[in-house]
K.L.:
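Structure incoming, see below.
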Amino acid sequence: TVAFDIALNDAFAPAFTLTGVGLSAVTNDTLVTFTAIELPPFLGSGTEADPFQIWTVADLKKLDELVDGGETYAGKYFKQMDNIDFDGVTDWGAIGIVGNGAAAFCGIYDGDNKTISNLSTTSTASYSGILFNNFDNGELKNLTVNVNVDQAGGFGLIGGASAMMVSYVTVTGKIYGTHHCGAFVAFGQHADERSTFVDCVNEATVASSKSAGGFYGKPQGVLPTFIRCVNKGTIGDVEAGKASTLGAFESEGNGCYLI
């Protein structure tokens, strides 16, 4: 129950108090009606000039909830407004739904040179995302993500990617799994259009008992393009039984290198 204190001027009635939400009430022979208004899920309008604002873990969870429910946000802009720390968060399963053709994020996410740290996932499925489970025909840019995954499953910052643009993104931390694992993408589901990576850096250690890559765990179909990308992470057999296949770019590269 919420109490509303409303002061009216002398032409109408003296000050009075109403209790209730979304109710009509009569006080001092004056009828006052309250109408419930649903607040938008994010600040901003989703345009390039006024993007949806992402401030907290709660905002990312709300985005996950809406994408899981079928909202793609195609053509909509998001901007991360502050560094976000997932330390202590135990119920994060990444944005969208795991699986080719499942609910995907299709918007433009600008990290604005901020960080997301201590990011993990509850999923143990093959091709699980750590930040996005499915990313289709969208853009991810200007972001550093620190990940910490060591469990059964296949993992990447993005679980399944199709025709996306990724630029100025860095991945740090570790990804250990039992299926295809890549620092950026677990599984590339490129049927007709390729994804492109520009000025991206992997600094994470990536290992798997199936296959591991500095960028992709398993590219498929039309292979991605890499421009000025760098793999600095250790890929492969960092612990006994953790890896059996090595990889880094495993696609077309221009100005890319390994350290």
Side-chain angles (χ1 to χ4, degrees), residues 92-102 104-105 116 119-136 138 140 143 145-166 169-191 193-197 200-226 229-253 256 258-259:
W92 175 252
I95 297 164
I97 297 176
V98 176
N100 195 356
F105 178 78
I116 297 175
L119 190 64
S120 189
T121 176
T122 58
S123 177
T124 57
S126 303
Y127 314 125
S128 296
I130 309 171
L131 181 57
F132 292 94
N133 280 316
N134 253 334
F135 207 127
D136 187 5
L140 178 64
L143 182 65
V145 186
N146 169 256
V147 298
N148 183 12
V149 175
D150 186 357
Q151 61 206 46
F155 305 98
L157 184 66
I158 300 157
S162 180
M164 65 178 293
M165 168 67 76
V166 184
V169 174
T170 297
V171 180
T172 68
K174 69 177 183 182
I175 300 173
Y176 296 163
T178 57
H179 210 263
H180 303 296
C181 292
F184 279 79
V185 180
F187 178 63
Q189 44 201 40
H190 310 291
E193 299 180 65
R194 71 178 67 223
S195 290
T196 301
F197 293 77
C200 292
V201 179
N202 172 47
E203 297 179 356
T205 298
V206 184
S208 170
S209 55
K210 190 161 189 178
S211 67
F215 278 72
Y216 270 68
K218 183 182 180 182
Q220 182 166 298
V222 180
L223 296 177
T225 296
F226 297 97
C229 292
V230 183
N231 178 60
K232 298 180 179 180
T234 300
I235 311 301
D237 194 10
V238 294
E239 292 182 14
K242 288 288 186 182
S244 58
T245 305
L246 303 182
F249 299 107
E250 202 172 339
S251 188
E252 298 180 15
C256 299
L258 311 178
I259 295 179

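Values in this document were obtained by computation on a predicted structure and should not be read as measured data. Reckoned from all heavy atoms, side chains included, excluding hydrogens, waters and symmetry mates.
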K.L.:
Give me the ring orientation class for Y216 and F197: parallel if the planes are under 30° apart, tilted from 30 to 60°, perpendicular past 60°.
P.N.:
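Y216 and F197: perpendicular rings.
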K.L.:
Is it true that a side-chain atom of S128 and a backbone atom of G159 form a donor plus acceptor pair closer than 3.5 Å?
P.N.:
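Checked: no pair found.
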K.L.:
What heavy-atom pair brings Q151 and T122 nearest, and what distance separates the two atoms?
P.N.:
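Reported closest heavy-atom pair: NE2-C, 4.2 Å.
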K.L.:
Angle class for the Y127/H180 ring planes (parallel below 30°, perpendicular above 60°, tilted otherwise)?
P.N.:
parallel
K.L.:
Within this structure, what is the NE2-OG distance for the pair H179 and S211, rounded to the nearest 0.5 Å?
P.N.:
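The distance works out to 8.0 Å.
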K.L.:
Drop me the distance from L157's CG to T170's OG1, to the nearest 0.5 angstrom.
P.N.:
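Rounded to the nearest 0.5 Å, the CG-OG1 separation comes out at 10.5 Å.
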K.L.:
Test your reading of the model: is there a side-chain donor-acceptor pair from S120 to the backbone of N148, 3.5 Å cut-off?
P.N.:
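Such a contact is found between S120 side chain and N148 backbone.
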K.L.:
If we only count heavy atoms from C-beta on, is the F215 to C200 side-chain gap below 4.5 Å?
P.N.:
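Of all side-chain heavy-atom pairs linking C200 with F215, at least one is under 4.5 Å.
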K.L.:
Provide the closest heavy-atom pair for A212 versus A207 in the form atom of the first, atom of the second, distance.
P.N.:
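Minimum heavy-atom contact is CB-CA, 3.9 Å.
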K.L.:
Using ring pair (Phe, Tyr, Trp, His ring centres under 6.0 Å) as the criterion, point out the one residue from F105, F184, F187 that pairs with F135.
P.N.:
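Filter result, single survivor: F105.
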K.L.:
Can you tell me if T196 uses its side chain to pair, donor with acceptor, with the backbone of M165 under 3.5 Å?
P.N.:
no
K.L.:
Is there a side-chain contact between N202 and I235 (heavy atoms, below 4.5 Å)?
P.N.:
yes
K.L.:
Do the side chain of E203 and the main chain of N146 share a donor and acceptor less than 3.5 angstrom apart?
P.N.:
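A pair under 3.5 Å: no.
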K.L.:
Looking at every heavy atom in both G153 and C181, which two are closest together, and how far apart are they?
P.N.:
O-SG, 4.1 Å
K.L.:
Which heavy-atom pair separates V98 from S123 by the least distance, and what is that distance?
P.N.:
CG2-OG, 4.4 Å
K.L.:
Ignoring hydrogens and angles, tell me if any N or O in the side chain of S195 forms a donor-acceptor pair with the backbone of A163 under 3.5 Å.
P.N.:
yes
K.L.:
Is the closest side-chain heavy-atom distance between I130 and V145 below 4.5 Å?
P.N.:
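Answer no - side chains too far apart.
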K.L.:
Give, for atom OG1 of T121 and atom CD1 of I175, the distance between the pair rounded to the nearest 0.5 Å.
P.N.:
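One finds 11.0 Å between OG1 of T121 and CD1 of I175.
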K.L.:
Supply the atom-to-atom distance T172 OG1 to L119 CG, rounded to the nearest 0.5 angstrom.
P.N.:
10.5 Å
K.L.:
Is there a side-chain contact between I97 and N133 (heavy atoms, below 4.5 Å)?
P.N.:
no
K.L.:
Using side-chain heavy atoms (C-beta onward) and a distance below 4.5 Å, is V166 in contact with V185?
P.N.:
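A side-chain contact under 4.5 Å is absent here.
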K.L.:
Quick check: do F155 and V147 have side-chain heavy atoms less than 4.5 Å from each other?
P.N.:
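The answer is no; the side chains never approach within 4.5 Å.
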